[in-house]
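Note sheet for the following structure.
Positions are given from 1 along the sequence.
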Amino acid sequence: MSKTLDLRDIQGNIVRAYGRYGFPHARYFLFHIHEAVAGRRFLAALHPRVTTSERWRHAWEDDHGNLPAPPPVTLNIALTWQGLRVLDLPTETLSQFPREFIDGMAPRKHILTDTGPSGHRHWDPVWRAPIEKEPGRDIHVLVTLNARMLPDGTPVPELEEMTGWLRDLGAGDGMTLLTGHNKDGSGDYQQGGARLVPRGDGTMMIDAQEHFGFEDGIGNPVFAGQYPPQVEARRVKGRGKIMPDQTWAPLATGEFLIGHVDESQQIPFSTRPPRFMFNGTFLAFRKLHENVGLFHDYVDKQAAIYADVHGVPQEEARLTLKAKMVGRWPNGVPLMAAPTYADMQRFDAAWSDIPAIRNKSGARTTAEQARLDAWNEQMINFKYRDDQVGVSCPISAHIRRGNMRDMLDPRIASANPRDWTGSALTNRRRILRRGLPYGAFEPDNTDDRTERGVIFIAICANLFRQFEFVLQQWMNYGLDLNAGNDTCPLLGYHQPGSKFMIQADPEGEDTPWVMNELPQFIETRGGEYFFVPSLNTLNMIALGVVDPT
């Protein structure tokens, strides 16, 4: 039975990854509150404009009913613990928030590996100012705008209108806009934007590739109540949790929304008043700079050696090494579906009609949509139980570290499916990925001083158990993978001597391949922890009526 949620009370960025819903442009605004009355007045003005999780009309819905069309621009709000404190929330309410949220992101640098090139002294000024205790620069409120686009790829005009309104609202007495163009033209946005590519008819379409050239954002989890039943049945495959009969089911709602039952069959403790955190969640905002030139230069040099040893063309070697590092080929096809370059070529040939279907500007036929749905399932519906050694997908590949699926099941080696009990450890470590790339897409630009990368937004009910655990234990450590101190080849912190191991078939003639001296491909440029309140809680805060008694 499908779970029913009060979607009018839940902020829309929890349920939707806006980029995938046709919103390729984003702006992120940070505000400082000087005094509580001004902050409450600010939130009260924003409250009616907050985008909720209520259903929209979409091509993939089986029954459109009377659903409204998507808005031109979405708006969502999140607050830091310091922001809640400045808004004069009761001490009892503030004190019962989780420790990691009270601390904020900066003091937890050793857990998050924000050291070396990712250290605070390298962060952008707006993120560094609170750490350096600059007066009036503490971050209290995050407001995100996501906008649809015109046929030529430019944002809809409503984005500028909403930006101007928000800028004026946050520049009043008692508030400071920390990011965004000021009235005199100074300042800059924290902003993101998906890669846009032309269709054959001259219009633009959204492409999911990030700056390293990989299709991104494929494996977001599905949780109970997120979609209508008919949509959930299609999208849950490969994105939910694996059941003992090897089918897929949605993850428990409480892994992503506070106040609901989680995978441990409990409703976790939350602060008082009891409904204050209900239908809310936590958000980790990270600005991640990508060293694109360094990445391609390193892969090219490694590929030259690989090609010489294995007697394959340089391009085959380059694509193979990139795929092994990530766990997917650049076009998003997982190694579990196409482990080798030859497999990838056969896969592309079998699905050669997909680019035309995806790029089609008009409505798709039923047959075309069914074909696209089947291709999408190939991209996400796979498990690791038949690749325990890592022959198809290396044990330390980026996507395997981020979502281990069934590989940590203690009984996976059993030949009897009834012995399979599911991977509770993995199910309790999932995060919703939101955000978009930032910076211009210039594949030929090898200057890593160019500002480009990913605005990474993780949403989860427990920052410590989900976001921090995955980053610390799975991305920056390898013991769960029997990989010692090896880190993720893409996102990990690479000290001198860091390596990436590509396993070989123990029954074959090939030997394992080691990529030595991994440089630092991704560097943190800033970030913070936020609480995403429900619409009801946001209204309580704006009215100043939070009462823990």
Side-chain angles (χ1 to χ4, degrees), residues 28 30 80 100-101 103-134 137 139 142 179 190-192 210-212 214 216 283-299 325-326 396 398 401-402 431 433-439 446-458 460 463-464 466-478 485-500 515 517-530:
Y28 309 97
L30 301 172
T80 63
E100 63 274 13
F101 176 61
D103 286 346
M105 185 174 287
R108 303 178 75 80
K109 62 183 180 181
H110 297 297
I111 293 176
L112 304 176
T113 327
D114 288 334
T115 59
S118 293
H120 296 159
R121 65 189 181 90
H122 299 292
W123 285 18
D124 291 350
V126 69
W127 302 105
R128 194 171 64 245
I131 303 170
E132 297 174 350
K133 307 299 182 184
E134 293 186 23
R137 304 295 294 180
I139 296 168
L142 167 69
T179 58
Q190 298 280 309
Q191 59 184 343
E210 47 71 61
H211 292 283
F212 287 145
F214 291 90
D216 196 21
L283 182 154
F285 188 107
R286 304 272 283 178
K287 185 178 181 182
L288 302 177
H289 171 79
E290 293 183 332
N291 291 313
V292 177
L294 182 64
F295 175 75
H296 290 305
D297 180 65
Y298 176 79
V299 172
M325 293 171 75
V326 174
S396 267
H398 174 69
R401 282 178 173 266
I431 58 174
R433 287 188 54 193
R434 303 295 184 249
L436 289 167
Y438 73 89
T446 60
D447 186 353
D448 286 330
R449 293 172 297 181
T450 304
E451 272 304 312
R452 55 187 168 181
V454 173
I455 299 294
F456 180 88
I457 294 176
C460 54
L463 290 166
F464 176 74
Q466 292 165 276
F467 171 71
E468 290 189 343
F469 183 97
V470 170
L471 189 55
Q472 181 190 44
Q473 294 296 116
W474 287 352
M475 290 296 174
N476 280 301
Y477 192 44
N485 287 327
D486 286 359
T487 69
C488 172
L490 196 68
L491 186 63
Y493 175 56
H494 300 151
Q495 302 182 65
S498 292
K499 69 182 189 303
F500 170 59
M515 300 178 72
E517 297 297 338
L518 291 169
Q520 192 62 45
F521 298 126
I522 295 178
E523 301 168 1
T524 309
R525 289 289 185 266
E528 186 53 280
Y529 289 151
F530 297 87

Establish, from distance only, whether the side-chain atoms of Gln472 and Tyr477 form a donor-acceptor pair under 3.5 Å.
no

For Ala458 against Phe467, the heavy-atom pair lying closest together:
CB-CD1, 3.8 Å

One should read off an interatomic distance between Glu523 CD and Asp114 CG, to the nearest 0.5 angstrom, of 11.5 Å

How far apart are the closest heavy atoms of Thr487 and Gly492, and which atoms are they?
OG1-CA, 3.8 Å

Whether Asp124 side chain and Val126 backbone form a donor-acceptor pair below 3.5 Å:
no

Which is it for Thr115 and Tyr493 under the side chain to side chain contact (heavy atoms under 4.5 Å, CB included) test, yes or no, and what are the steps along the way?
CA-CA 9 Å; Thr115 59; Tyr493 175 56; 3.8 Å; yes

Heavy-atom closest contact (Glu528 atom, Met105 atom, distance)
OE1-N, 2.9 Å

Partners passing side-chain contact (heavy atoms from CB on, under 4.5 Å) against Asp448 (at least two apart in sequence or in another chain):
Asn291, Val292, Leu294, Arg452

Gap between atom CZ of Arg128 and atom NE2 of His122 - 0.5 Å precision
10.0 Å

Looking at every heavy atom in both Pro489 and Ser396, which two are closest together, and how far apart are they?
CD-O, 3.1 Å

Looking at side-chain heavy atoms only, is the closest gap between Met325 and Met515 below 4.5 Å?
yes

Any chance you could measure Ile457, atom CD1, to Phe530, atom CZ, to the nearest 0.5 Å?
9.0 Å

So Leu112 and Glu468, side chain to side chain contact (heavy atoms under 4.5 Å, CB included) or not? Walk me through it.
CA-CA 7 Å; Leu112 304 176; Glu468 290 189 343; 3.9 Å; yes

I'd like to know if the side chain of Asn476 pairs up with that of Thr113 as donor and acceptor (distance under 3.5 Å, no hydrogens or angles considered).
yes

Please identify which of these residues, Gln191, Lys287, Arg525, Glu451, meets the side chain to side chain donor-acceptor pair (under 3.5 Å) condition with Tyr438.
Glu451

Might you work through the side chain to side chain contact (heavy atoms under 4.5 Å, CB included) test for Trp127 and Leu30, ending with a clear yes or no?
CA-CA 10 Å; Trp127 302 105; Leu30 301 172; 3.6 Å; yes

What's the spacing between Arg121 CZ and Glu132 CD if we round to 0.5 Å?
11.5 Å

Side chain to side chain contact (heavy atoms under 4.5 Å, CB included) assessment of Phe214 paired with His398:
CA-CA 12 Å; Phe214 291 90; His398 174 69; over 6 Å; no

Any heavy-atom pair between the side chains of Leu283 and Leu142 that's under 4.5 Å?
yes

Could I get the full list of side-chain contact (heavy atoms from CB on, under 4.5 Å) partners for Thr446, not counting sequence neighbours?
none

With sequence neighbours excluded, residues passing side-chain contact (heavy atoms from CB on, under 4.5 Å) with Leu288
Arg286, Phe456, Leu491, Ile522, Thr524

How many angstroms lie between CG in Leu471 and CG in Leu463, if you round to the nearest 0.5 Å?
12.0 Å

Closest non-hydrogen atoms of Gln520 and Pro117, given as atom of the first, atom of the second and distance, are CG-CG, 4.2 Å

Reference residue Tyr298; test ring-ring contact (aromatic ring centres under 6.0 Å, His included); the match among Phe521, Phe212, Phe500
Phe521

Are more than 12 heavy atoms, taken from residues, nucleotides or ligands other than Asn485, located less than 6.0 Å from that residue's CG atom?
no

Backbone N or O of Phe464 within a donor-acceptor pair of the Glu100 side chain at under 3.5 Å?
yes

Atom CD1 in Ile131, atom CH2 in Trp123: separation rounded to 0.5 Å?
4.5 Å

